[in-house]
Amino acid sequence: MAEPRLNDSTLLRLCLGFAALLLAAGLAAPLGLMLARAFQDIDGNFVGLVHFRAYFGSPALLLPAWNSLWTSAVTTAIVLPLAFTFAYGMTRSRLPGRAVFRAIMLIPILAPSLLPALSLIYLFGNQGLLRVLLPEGGSIYGPTGIIVAQCIYTFPHAAMILSVALGMADARLFEAAETLKAGHWRIFRDVTLPAARYGLVSASVVVFTLAVTDFGIPKVIGGQFPVLATDVYRQVIGQQNFSMGAVVAIILLLPAIFGFFAERWAQRLQAAGISGRAVLYRPKRRAARDLPLLAACLAIALVLLSIVGMAIWGSLIRFWPYNMALTTANYDFSSFDAQGWGSLWTSLTMAGLTALVGTPLVFWVAYLLERGGVSGWLPGFVRVAAIAPLAVPGLVLGLAYILFFNHPANPLGFIYGTVAILVLNCVIHFYTVAHLTAVTAIRQLDPEFEAVGASLRVPRWRTFLRVIVPISLPAILDIAVYLFVNAMATVSAVVFLYGPDTKPASVAVVHMDEAGQVASAAAMACVILAITASAKLLQLGASRLLSGGWRPAH
Amino acid sequence: MQRPYLRIEGVGRDFGTFSALVDVDIGVERGEFLCLLGPSGCGKTTLLRAIAGLDVPTRGEIFQDGKLITDLPPSQRDFGIVFQSYALFPNMTVATNVGYGLRGPAWPKARVAARLAELLALVGLAEQAGRYPAQISGGQQQRVALARALANEPGLLLLDEPLSALDAIVRLHLRTELRLLQRRLGVTTVMVTHDQEEALSLADRVAVMSDGRVVQIGTPQEVYDRPANAFVAGFVGRSASFAARAAPGGVTIASGRHIPAVTTLPEGTPVRAFIRPEDVMLADTPGSLGAELVGIEFLGSVCRLDLDAEGLPLQAEIAPRALGGLAVGAMLRVALPPDKLMVFALNG
């Protein structure tokens, strides 16, 4: 079969080949090696299912899996109705100050997952402010703390998905229901809920997966309560048992992979739910609905704000709870951690490079896939490899990197322990969402731009730089900030990979907390939040600047 | 004899097991306006993309100005193109869009400015030069796309349904403008359209396509008056048709009646006969048929009558003032002029 024979098609093919190599080295090969490791002994001999048999035969080893499962399930059950209420308030009511509510909702996404855990320690820990509210003998360390902290950490993810699902409502369905004399509750049950069904599936899968795979929260507030994520860490760092670590990592991979496919299934159904000719629903004022929603949203926003406020306040107190004088001493990180402020520079460098390298890479690869016209197996491989990272928890990818890049036979081994491996890990770990953003943006472009350019004998790279990139600038900015923010805040992706001189700030938070320096841990978490929030604000400002001129206002 | 400017020889294009183009042979003379006309999925756009080099044919060759261009990438060919969506660059002004291809050593600044002024005047958009595509009307966008395609004086202009995104009045207006402009510049033009009225009114010649084949090429008049087969007769222009069998000097319809027609098909061949509304005469002449008036459609300048002529579903057109007291249910006499009856064997 003949294919378009463009003169630069060889070049495009080469670029895609390079992307495939990168994704193979940064994802496929490490994961493959890790899978193999689960079937080997310490010397690398094949031992079959020995480790798996040991794992499933030992109640002590199985316990973390069960713990992860039930705490994540409870988290999901709590977060979902709350997030639904909040999203409903944002999209289906006339609440005042919805923009402010939305901004508050995003805060936990910008902070490392450790921050809510640290706040909870301040509030309900052994010396907690609200310790008295806990029942006699109760403790925040353990499942309670994990569940509450994870509710806060996963809330914005669920609320965002549900806002999108509820935001796409066809006004004519509501009008039809009203003309048929259906009451408000009946409309809610028969129109609203069915339309949001797949959003609910999607949100619960995302929340569950995030909760199962998160490492920071159980590390800080889990106490003696073992879960899968901390167990991988214990096997690898504590006992240097890479084979058993690999087995636990595979167990950890299972819910994530299951969630990945369930989520994609739900998204496909969601997309099919609304026709292109729908009329957007605009809610009317109605006190009976808006006032209770306002109360609920205010309560949720208050909890989120007080969690962040607590961390900030705690970080400014000299010696909780004995000396409540305010001080900035906890921000003098050099007295608490060998790296001092250096770990923040490491994080900034790592996150900056992740954005700087990742953004052009992601956008260019997405462009090649969508518009490159390259044929054969190559685009198929890259497409799968671009989506797959979503199903791989950070800890699992990190462990796979240790095994792969630390392997004596690996010529790429020199990047082990450098910032480069952290950047590679972050780019790959956060690849999927960035890729999907780029693909969505590129698909909105007129398919004939390149053809017009070619007919005017303008080289393709010029049309790419002068037309495709400028039009896609908001999406490109979005990708850059997404990569930066996540690389700043992540613990699980980097906790296995930093070297003596490349410890990121988020890991420093864990270490300071481990050393009992809760205040400086909170201080570091707050600095990270300040940086990510500034990046987000800069993005908002920049996209406002961009929306002038030819670009239609949003 | 001079060879055509654009020659398409034996071009075929397969997508897997599906053939989008089969054995297409077309020659377009220098300065000629050719329309590729056909229903959606007939392969007309695939052919245009092959001419542009956006899609390389599986078989056959394409020559432009005596040069073999089949395998050349678009950037090494000599054409301008206007897409159905126009594909205007939204981040550039009208002037920047039009001047997008005017670059390189052949286009110093002064020359670009002069050419831009000339092009904008040509399409009447001098005052919109600084606007962005989103700030001008659909008709103006279409003209920007046209000016951009013509900017570096291509030898060949390709138009992919350039008028179909516009509303009816603007479309008629731009149709006339497009025709005048093409005449004036004398640029060889190939246009794809599914609108037969557009094709008939614009083109010097029309190539009617169906299922990946060119089924007829000719002037609009030829295609309209002497369709090559039943498909063209049914697709181009309006007509009523009925099944019949060939008979000496005409056809025999189901009722057994003989209707005179010009046909050389062997006796008994199953045929389909077409007749255009304007050719059906309301007259009581020898051999005329009795017809019942079953519907009247008022179209402004004419009235279209739906008739049941001894089982044949015919249509006729008369002037509204000639309608008189005619009402549904009236009995009329209709005559079918033998030379206007278009008879085709059923198998093609």
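Convention: sequence-line order gives letters A, B, ...; per-chain numbering from 1.
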Output, in order, the C-alpha distance, side-chain angles, deciding distance and verdict of side-chain contact (heavy atoms from CB on, under 4.5 Å) for A:L456 and B:R103.
-> CA-CA 10 Å; A:L456 297 170; B:R103 48 187 291 283; over 6 Å; no

Nearest atoms (heavy-atom pairs only) where B:S75 meets A:R457 | O-CG, 2.7 Å

In terms of heavy-atom proximity below 4.5 Å to chain A, should B:D160 be classed as side chain, backbone, both, or neither?
-> neither

Relative to chain A, which segment of B:R148 carries a heavy atom at a distance below 4.5 Å: side chain, backbone, both, or neither?
-> both

Mark yes when over 12 heavy atoms from residues, nucleotides or ligands other than B:R59 sit less than 6.0 Å from its CZ; otherwise mark no.
-> yes

Closest non-hydrogen atom pair, B:L88 against A:F449 = O-CE2, 3.2 Å

Honestly, the part of B:T17 sitting under 4.5 Å from a heavy atom of chain A is neither

Say you draw a straight line from CE of B:M92 to CH2 of A:W550; how long is it, rounded to the nearest 0.5 Å?
-> 10.0 Å

Short question: side chain of B:N91, backbone of A:R466 - any donor-acceptor pair under 3.5 Å?
-> yes

Apply side-chain contact (heavy atoms from CB on, under 4.5 Å) to B:Y100 and A:V467, showing your working.
-> CA-CA 11 Å; B:Y100 190 70; A:V467 180; 4.0 Å; yes

After noting the C-alpha distance and the side-chain angles of A:D446 and B:Y86, does the key distance pass the side-chain contact (heavy atoms from CB on, under 4.5 Å) rule?
-> CA-CA 9 Å; A:D446 191 298; B:Y86 311 144; over 6 Å; no

Using a cut-off of 6.0 Å, state whether more than 12 heavy atoms not belonging to B:R111 lie near its atom CZ.
-> yes

Kindly give the heavy-atom pair with the smallest separation between A:A451 and B:F83, and that separation in Å.
-> CB-CZ, 3.6 Å

